[in-house]
Q: 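Before anything else, here's the structure in question.
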Amino acid sequence: MKIGVLSIQGGVIEHIKHIESLGAEAVEIKNIEDLQDIDGLILPGGESTAIGKILKERNLLKPIREKILSGLGVWGTCAGMILLAEKIENENNTYFSVMDIKVRRNAYGSQIDSFEQEAVIDEISKESIPLVFIRAPYITEVGPEVEVLCELNGNIVAAKKDKILVTSFHPELTENLSFHKYFLSMCNNQGELQ
Ligand code: GLN
């Protein structure tokens, strides 16, 4: 199994290391050609406006969107979640626009813009998982087919729909591999991608 990690900003190396330590192959995605033969795609964090601009310049928005719509498993962490959302609060702009959620950027404000908390997320692991938030967004609305995986202090911070996974936080910045394991099983699950 081969997982692409969008290599523009953010925890690219950290995602690659986690995927590799689970025994799968990981490749950096910088251009259209890199998208061939991948079984899943991770969109790391960073600054969504900057990543969006570069995606546009490299003509990557459309081909990646098409791949997601035709069934490629995708996981957006933090800014990656913003890139996947169909709606962004107070902005007309969207990027891949494939996930039926509305997100609020920098939702925790400047006072507590970065923090760490633990939570048990039943779908992911029986053990408590460390969640690292960095100028994080959260989800303010979900469509009817979206499965909420984690709500923290009343805010939705992880969700899934079909083969699209989004998290407000950064599992790649912790030692815990549960989310990466879960994503690999999502990419493996549905038939042709074995
Ligand atoms: N605040 C960033 C944004 O709005 C996301 C932060 C992150 O990815 N760590 O794009």
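Indexing begins at 1, ligand by ligand and atom by atom, following the structure's order.
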Q: Give a yes or no on whether Glu57 atom CD has more than 12 heavy-atom contacts from other residues, nucleotides or ligands under 6.0 Å away.
A: yes
Q: I'd like to know if the side chain of Thr140 pairs up with that of Glu89 as donor and acceptor (distance under 3.5 Å, no hydrogens or angles considered).
A: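 Looking only at side-chain atoms, Glu89 and Thr140 do form a donor-acceptor pair, the distance falling under 3.5 Å.
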Q: How far is atom 7 (C) of ligand 1 from its nearest protein heavy atom, and which residue and atom is that?
A: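 That would be Cys78 SG, 2.7 Å.
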Q: Between Lys67 (side chain) and Leu69 (backbone), is there a donor-acceptor pair under 3.5 Å?
A: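 The answer is no, because no donor-acceptor pair under 3.5 Å joins these two groups.
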Q: Any N or O of Ser48 that comes nearer than 3.5 Å to an N or O of ligand 1?
A: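 N/O-N/O distance below 3.5 Å exists for this pair.
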Q: For Glu47, is there an ion pair with Arg105 - N to carboxylate O distance below 4.0 angstrom?
A: yes
Q: Among side-chain atoms of Thr174 and Asn176, is any donor-acceptor pair under 3.5 angstrom?
A: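 Note: Thr174 and Asn176 side chains miss the donor-acceptor criterion.
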Q: Can you check whether Pro137 has an N/O within less than 3.5 Å of an N/O in ligand 1?
A: no
Q: Which ligand 1 atoms are under 4.0 Å away from a heavy-atom of Gly46?
A: 2 (C), 5 (C), 6 (C), 7 (C), 8 (O), 10 (O)
Q: Can you tell me which residue and heavy atom of the protein come closest to atom 1 (N) of ligand 1, and the distance to 0.1 Å?
A: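 Atom 1 (N) of ligand 1 sits closest to the protein heavy atom Asn106 OD1, 2.7 Å.
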Q: Anything under 30° is parallel, anything over 60° is perpendicular, the rest tilted; go ahead and classify Trp75 against Phe183.
A: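 It falls in the tilted class, 30° to 60°.
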Q: Using a 4.0 Å cut-off to any heavy atom of Ile82, which atoms of ligand 1 qualify?
A: 3 (C), 4 (O), 10 (O)
Q: I'd like to check which ligand 1 atoms, numbered from 1 as shown, lie under 4.0 Å from a non-hydrogen atom of Gly45.
A: 8 (O)
Q: Using a plain distance cutoff, I'd like to know if Arg105 has any nitrogen or oxygen under 3.5 Å from a nitrogen or oxygen of ligand 1.
A: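 Yes, at least one N or O pair falls under 3.5 Å.
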